[in-house]
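This is a predicted model, so every value here is computed, not measured. Read the numbers this way: they start at 1 and go in the same order the structure lists the ligands and their atoms. Counting begins at 1 with the first residue of the sequence.
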Amino acid sequence: MICIGIEGTAEKTGVGIVDSEGNLLASQGNPLIPENGGIHPREAAEHHAANIIPLMKAALEESGLELKDMDMVAFSRGPGLGPALRTVATAARSLALSLDVPIVGVNHCIGHVEIGRLTTRAKDPVTLYVSGGNSQVIAFDANRYRVFGETLDIAIGNCLDQFSRSVGLGHPGGPKVEKLAKGGSYIKLPYTVKGMDLSFSGLLTAAIRKYEAGAAIEDVCYSLQETAFSMLVEVTERALAHSKKREVMLCGGVAANTRLREMLKVMADEHYAEFHMPPMKYCGDNGAMIAWMGQLMHKHGLVGGLEDTGVIQRYRTDEVDVPWRRSSAE
Ligand code: ATP
Ligand code: FE2
């Protein structure tokens with residue numbers, strides 16, 4: 001059984017091919033890099049429309065397979081930008097119809113967790129998923145993946161990107177802020193954890209104001225990272241203590257950050273928990289995670305028909321039935 005997966009919840013198009021054993025046969029992706037400003041949903045959709053077919057060809061070539069070898073199509077059903085999701089869903093439906101194979105829409109956030117479990121030794125981790133569009137602490141509990149904590153406003157990646165654009169460093173902000181932070185020292189910025197949830201918008205505004213008021217860019221970058229990452233680590237730590245799990249996993253594009261990894265690993269070590277992170281290729285958005293989700297859903301009889309392929313812009317992590325977790329880990 002071979003599944004081809006198409007990812008396109010935000011600005012990155014991805015196509016992956018995975019077999020039923022979890023062998024990652026191909027993963028090809030292409031991000032839209034905006035010249036200035038953020039990502040417009042229509043531009044993301046146009047980017048997917050232009051890239052899905054070339055990426056499919058590249059993924060087939062990488063896997064050494066042909067289109068006729070695909071036994072199933074999976075696509076990212078949500079959460080994400082409406083126009084982007086609809087473009088991907090349309091492409092997936094057309095492909096499934098033309099190949100006459102089953103199709104399934106999958107949850108993007110759970111895709112991150114499952115490709116992480118597949119590519120690391122983590123069995124039942126508390127996952128910190130941090131990207132441009134998401135900041136969530138996820139763990140399996142009472143038969144579902146539960147969101148233990150999340151951002152109440154913007155995601156951490158978006159916070160770093162907006163800061164970077166506002167001070168003229170360009171996009172994407174994460175790597176630029178990380179580099180400059182190395183030479184900085186601490187200035188006080190607002191630290192906002194509300195219960196198990198996080199807020200980054202006040203921190204973003206305060207960081208921009210500090211810079212405008214004349215603080216050194218290195219100091220602002222350092223303090224922005226230290227503050228935001230401490231907030232993320234605090235919430236992950238509390239989820240770990242509450243759930244009594246033994247593993248911490250980091251994923252999403254912001255996992256590229258060495259300082260965040262270091263802070264999270266120190267916290268995990270203090271709790272005698274293992275720290276895991278998938279290879280960077282599978283940390284950010286990718287088609288392989290969608291194809292692997294398709295395989296898991298197929299194995300557990302969750303593949304419906306074409307009528308069940310509508311997109312869900314605000315697809316909640318805890319809405320999804322994950323029978324493969326019930327039968328294995330617990
Ligand atoms: P999603 O759809 O899951 O929200 P995304 O579209 O944001 O994903 P990703 O590739 O997962 O795509 O993440 C991109 C984000 O990662 C950007 O906000 C970028 O600034 C951030 N990022 C990349 N490298 C680093 C880094 N070294 N430090 C911090 N952030 C980083
Ligand atoms: Fe993602």
- Note on the structure: Checking distances from the Fe ion (ligand 2), one finds that the N, O or S atom of Asp285 closest to it is OD1
- Query: Hey, which atoms in ligand 1 end up nearer than 4.0 Å to a heavy atom of Asn134?
  - Reply: 1 (P), 3 (O), 4 (O)
- Query: So Lys244 and Asp141, salt bridge (charged side-chain N to carboxylate O under 4.0 Å, His left out) or not? Walk me through it.
  - Reply: CA-CA 11 Å; Lys244 299 191 171 62; Asp141 183 46; over 6 Å; no
- Task: Specify the protein heavy atom at minimum distance from atom 2 (O) of ligand 1: its residue, its atom name, and the distance to 0.1 Å.
- Result: Asp285 OD2, 2.7 Å
- min-distance protein heavy atom vs atom 28 (N) of ligand 1 -> Asn257 ND2, 3.0 Å
- Query: OG1 of Thr227 to OH of Tyr222: how many Å apart, nearest 0.5 Å?
  - Reply: 9.5 Å
- Between the CZ atom in Phe140 and the OG1 atom in Thr127, the distance rounded to the nearest 0.5 Å is 12.5 Å
- Query: How far is atom 4 (O) of ligand 1 from its nearest protein heavy atom, and which residue and atom name does that atom have?
  - Reply: Ser131 OG, 2.6 Å
- Message: Below a 4.0 angstrom heavy-atom separation, can you tell me which part of Ala10, side chain or backbone, both or neither, approaches ligand 1?
- Response: side chain
- Polar atom proximity, Gly253 to ligand 1 (N or O, under 3.5 Å): yes
- Tell me, please, if Tyr129 has any N/O/S atom, main chain or side chain, under 2.8 Å from the Fe ion (ligand 2)? yes
- Does the Gln295 side chain pair with the main chain of Glu21, one donor and one acceptor, at a distance under 3.5 Å? no
- Interfacing atoms of ligand 1 (cut-off 4.0 Å, heavy-atom, Gly284): 11 (O)
- Message: One residue to check: Val254. Relative to ligand 1, which of side chain, backbone, both or neither has a non-hydrogen atom less than 4.0 Å away?
- Response: both
- Note on the structure: The atoms of ligand 1 lying under 4.0 Å from a heavy atom of Gly133, numbered in the order shown, are 4 (O), 7 (O)
- ligand 1 to Glu178, heavy atom cutoff 4.0 Å, flagged ligand atoms 26 (C), 27 (N), 28 (N)
- Rounded to the nearest 0.5 Å, what's the gap from CH2 on Trp292 to CG on Asp19? Could you check? 8.5 Å
- Message: Quick check on contacts: which atoms of ligand 1 are under 4.0 angstrom from a heavy atom of Gly157?
- Response: 18 (O)
- Region of Val177 that comes within reach of ligand 1 [heavy atoms, distance under 4.0 Å]: neither
- Between atom CE of Met293 and atom CG of Asn107, what is the distance when rounded to the nearest 0.5 Å? 6.0 Å
- Task: Check for a donor-acceptor pair, side chain of Asp197 on one end and backbone N or O of Glu150 on the other, with a separation under 3.5 Å.
- Result: yes
- Task: Go through Glu262 and Lys265 one step at a time and tell me if the salt bridge (charged side-chain N to carboxylate O under 4.0 Å, His left out) criterion holds.
- Result: CA-CA 5 Å; Glu262 179 185 52; Lys265 181 162 185 331; over 6 Å; no
- Message: Would His171 and Arg165 count as a side-chain hydrogen bond (donor to acceptor under 3.5 Å, both in side chains) here? Give the steps.
- Response: CA-CA 6 Å; His171 185 92; Arg165 284 201 300 271; 3.2 Å; yes
- Should Arg325 and Asp124 be marked as a salt bridge (charged side-chain N to carboxylate O under 4.0 Å, His left out) after you check the CA-CA gap, both sets of side-chain angles, and the distance that decides it? CA-CA 9 Å; Arg325 289 302 313 266; Asp124 184 25; 2.8 Å; yes
- What atoms in ligand 1 come closer than 4.0 Å to a heavy atom of Ala256? 24 (N), 25 (C), 27 (N)
- Task: Could you tell me whether Leu160 and ligand 1 have an N or O pair separated by under 3.5 Å?
- Result: no
- Among non-hydrogen protein atoms, atom 3 (O) of ligand 1 lies closest to Tyr129 OH, 2.5 Å
- Message: For Asp161, which part has a heavy atom under 4.0 Å from ligand 1: side chain, backbone, both, or neither?
- Response: side chain
- So between Gly132, Gly252, Pro175, Ser135, whose heavy atom ends up nearest atom 24 (N) of ligand 1? Pro175
- If you count the atoms of ligand 1 from 1 in the order shown, which ones are under 4.0 Å from a heavy atom of Gly173? 20 (O)
- Message: So that I can check it, does any N, O or S atom in Cys109 come closer than 2.8 Å to the Fe ion (ligand 2)?
- Response: no
- Message: Could you check whether Arg209 pairs with Glu212 (Lys NZ or Arg NE/NH1/NH2 to Asp/Glu carboxylate O, under 4.0 Å)?
- Response: yes
- Of the protein's non-hydrogen atoms, which lies at the shortest distance from atom 6 (O) of ligand 1, and what is that distance? Glu11 OE1, 2.8 Å
- Message: Taking atom NZ as the centre, does Lys57 end up with more than 12 heavy-atom neighbours from other residues, nucleotides or ligands that are less than 6.0 angstrom away?
- Response: no
- Message: Quick one: does any side-chain atom of Glu247 pair with a main-chain N or O of His276 as donor and acceptor, under 3.5 Å?
- Response: no
- Message: Using a 4.0 Å cutoff against the non-hydrogen atoms of Thr9, which atoms of ligand 1 qualify?
- Response: 2 (O)
- Message: For His112, which part has a heavy atom under 4.0 Å from ligand 1: side chain, backbone, both, or neither?
- Response: side chain
- Message: Would Asn286 and Lys281 count as a side chain to side chain contact (heavy atoms under 4.5 Å, CB included) here? Give the steps.
- Response: CA-CA 8 Å; Asn286 63 88; Lys281 186 175 178 193; over 6 Å; no
- Message: Looking only at protein heavy atoms, which one is nearest to atom 30 (N) of ligand 1, and what is the separation?
- Response: Gly174 CA, 3.3 Å
- Item | Side-chain donor or acceptor of Arg259 paired with backbone N/O of Gln225 under 3.5 Å | no
- Message: I'd like to know whether ligand 1 has His108 as a neighbour, heavy-atom separation below 4.0 Å.
- Response: yes
